[in-house]
Amino acid sequence: FKRLKDGLNRSSSAISGGISSIFTQRKLDSETLEELEDLLIASDLGVSTAMKLTESLAEGRFDKEITDEEVKAFLATEIEKILSPVAQPLSLNSENKPHVILMAGVNGAGKTTTIGKLAKKYRDEGKSVMLAAGDTFRAAAVEQLTVWGDRVGVPVITKEIGSDAAALAYEALDRAMAEAVDVLLIDTAGRLQNREELMAELAKVVRVIGKKIENAPHDTVIVLDATTGQNAVHQVEVFQKLAQISGIVMTKLDGSARGGVLVACADKFGLPVHAIGVGEGIEDLDAFDPKQFAEALVG
Ligand code: GDP
């Protein structure tokens, strides 16, 4: 929690300081509400969420005295209400052999790192894990995933650079089934420069997996970099067109976080938030705790 708190420090001190300067000895009127709304938008909560929050703050309190502490407490509670329904850890169904998790997201979002962290978590829980280096286009991605696999002690299925990603997924699935592996984590390409190509590739990967195991992939998780702010919202929209996204992991909430975007995503998409990345290390994947997050964000 300390890392998250430190990471969100920049967002929270902006929000907290902003609220204090808006609401010191002032009433809750249209002027202060507008200032608050601007502050929340600047903190990456998104326009519609910022409006919703300020409108509900105004209910019954409009034209009355209010303190900054009251505003903060109100916001923390309301943000927690937005976040609570989406806080859902990835749940593995043990009947799935393997349980197939497809990891999507733009390059640099933290996909490979998150796969490494998840692999470690599942290994620690005593599950057998296999990784598939499905970004067959980038040598660095394949190498990096192999490093994570070695570190955790789980096999990594790779093919030569430039191979068909769907063929790789097929082979990985074949092996995972033959070895009765519990969890298969499949990395995917994240280059958005050629969206058509990416779309075709992802669709083919999903199709191939679905042909081999009904209902698979069981999860298609998008990895989002919190430091990209509102761009993360856009990324979800883009990837929802490419694949049936079932959940979110948000990374880099330790760094110069713009954590408000997690609230924007939760409010806009209602997709489960499975976990949050709070560092580059193998243990730096936390369960998503809405109360802690809301409090850390508002400061
Ligand atoms: P990919 O291209 O989506 O596979 O992204 P990578 O997994 O290679 O991550 C890109 C960079 O972000 C690397 O330098 C990672 O160490 C870093 N990174 C990933 N997750 C986190 C996180 O939660 N916190 C921080 N501070 N860095 C992270």
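When a ligand or atom number is given, it counts from 1 through the structure's own listing order.
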| task | List, ordered by chain and residue number, the protein residues whose closest non-hydrogen atom lies under 4.0 Å from any atom of ligand 1. | result | Val106, Asn107, Gly108, Ala109, Gly110, Lys111, Thr112, Thr113, Lys117, Arg138, Gln144, Thr251, Lys252, Asp254, Gly277, Val278, Gly279, Glu280
| query | Does Arg191 come within less than 4.0 Å of Glu201, counting only side-chain N to carboxylate O? | reply | yes
| Side chains of Lys268 and Thr49, donor plus acceptor under 3.5 Å | no
| message | Strictly below 4.0 Å, N to O, side chains only: are Glu69 and Lys72 in salt-bridge contact? | response | yes
| message | Is it the case that the side chains of Thr67 and Glu70 hold a donor-acceptor pair, with the cut-off being a distance below 3.5 Å and no angle test? | response | yes
| said: Using the side-chain contact (heavy atoms from CB on, under 4.5 Å) criterion, which residues pair with Leu90? Sequence neighbours excluded. | reply: Ile101, Leu118, Tyr122, Asp219, Val221, His274
| request: Consider only side-chain N and O atoms of Asp225 and Thr228, and report whether a donor and an acceptor are under 3.5 Å apart. | output: no
